[in-house]
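First listed ligand is number 1; within each ligand, the first listed atom is number 1.
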Amino acid sequence: MHDEERFVRMLINSEKPVQLVIAGKAPPYDEACKALIKEWTQFIQRHNLYKHVVFLSDYDMLLTENMVQGVDVWINTPRRPWEACGTSGMKVLVNGGINVSELDGWWAEAYTPEVGWAIGDMQDHGDDPGSDSVEAEALYTILEEQVIPAFYERNATGIPVKWVEKIRNSMAKLTPRFSANRTVREYSEKYYLPAAERYLQRAADNGTVGKKIINAKHELENNWSGINFRDVQMENTESGFSCNANIFLNSIDINNVLVELYAEETAKDNAERVIMQLQSSKDDEKLYKGNVQTTRPMCDYTIRIIPMDNNISVPLENSCILWQR
Ligand SMILES: *Cc1c(COP(=O)(O)O)cnc(C)c1O
């Protein structure tokens, strides 16, 4: 409703008319949302748009089911970054609808020009009214110049060829990724099944492994504040660098920790972890050595000490991590 005249002209165009179906729910305490719904109903009345715009109340799963099966285009225009996900756009995919949405939530990941249309510049603009109007104008322009013409363009046998191509691209490229099948399979394979396996290992023999894990965790937590880095030396080598680190382990068992060199992911490099090996030991002072084959500069790498024990998940199950400063 940013530019009512332009919007009404688009809706009531005699050759290429448009119908807009709106649904949504205002929580009882959300006055701004209730006011918006009121604005819509008044807008419909003011311009006598009963044939072109309808607001469906009591949005629920049955209503959604009908909408996602019935519409040609799904429009979702949240202000970034408020779209948590946008599952309704995914429901439209499998029903052969096409998305026109803000580049936020799933659409920021899924959009390419061949599968639908997008507004927004991938930046957050808060509630800046200037950005709202830029995006409103962009939405009108996309609808007027691209979406509506493509919908009405037919070949000799009455088929909207470009439209159908977009539906096919959208279904073929997006439904395998944005689906509960993929999600549940991936969670099961990556997380639930390995977690179930770990549980069985730990619970076996009256929880032998489980008890060991708890004891090691207590040992680490009780002594962690006392451990520190002593002398650390790094030297360039032909293929990277080597590193010697003296570490005071404060009576922690060497078998319960891992000392490694860690480099963060950057635009051109993956994250890297190189495990350092224990070289010698004098009381609680341990010398660890690492040889890193890399083209990255050694300042990208930081030594850290992390828990290591019977496949525990770090930092989920034990978040003791000491970084070299
Ligand atoms: C899908 C659905 C939603 C969630 O929609 P989003 O686009 O993810 O915000 C909310 N309510 C109902 C009834 C739905 O079917």
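Residue D60 approaches ligand 1 through these ligand atoms, each under 4.0 Å from one of its heavy atoms: 13 (C). Close approach to G86 involves these atoms of ligand 1, each under 4.0 Å from a residue heavy atom: 7 (O), 8 (O).
Counting only heavy atoms of the protein, atom 7 (O) of ligand 1 lies nearest to S88 OG, 2.3 Å. Counting only heavy atoms of the protein, atom 10 (C) of ligand 1 lies nearest to Y59 CE2, 4.0 Å. Looking only at protein heavy atoms, the nearest one to atom 9 (O) of ligand 1 is E83 OE2, 4.2 Å. Scanning the protein heavy atoms around atom 4 (C) of ligand 1, the nearest turns out to be T87 OG1, 3.5 Å.
Residue D309 holds its CG atom at 8.5 Å from CG of N318, rounded to the nearest 0.5 Å.
With sequence neighbours excluded, no residue forms a salt bridge (charged side-chain N to carboxylate O under 4.0 Å, His left out) with E265. Partners of T141 under the side-chain hydrogen bond (donor to acceptor under 3.5 Å, both in side chains) rule, at least two apart in sequence or in another chain, are R6.
Residue contacts with ligand 1 leave out C85, since none of its heavy atoms falls under 4.0 Å from the ligand.
Using a 4.0 Å cut-off between charged nitrogen and carboxylate oxygen, K34 and E31 count as a salt-bridge pair.
Between F7 and F43, the angle of the ring planes stays under 30°, which puts this pair in the parallel group of the 30/60° scheme.
The side chain of T64, and not its backbone, has at least one atom closer than 4.0 Å to an atom of ligand 1 (non-hydrogen atoms only; side chain from C-beta on).
Considering only heavy atoms from C-beta on, S313 comes within 4.5 Å of R198 through its side chain.
Closest approach of G290 to M276, counting heavy atoms only: N-CE, 3.7 Å.
Selection from K91, M61, M90, E65 by nearest heavy atom to atom 3 (C) of ligand 1 gives K91.
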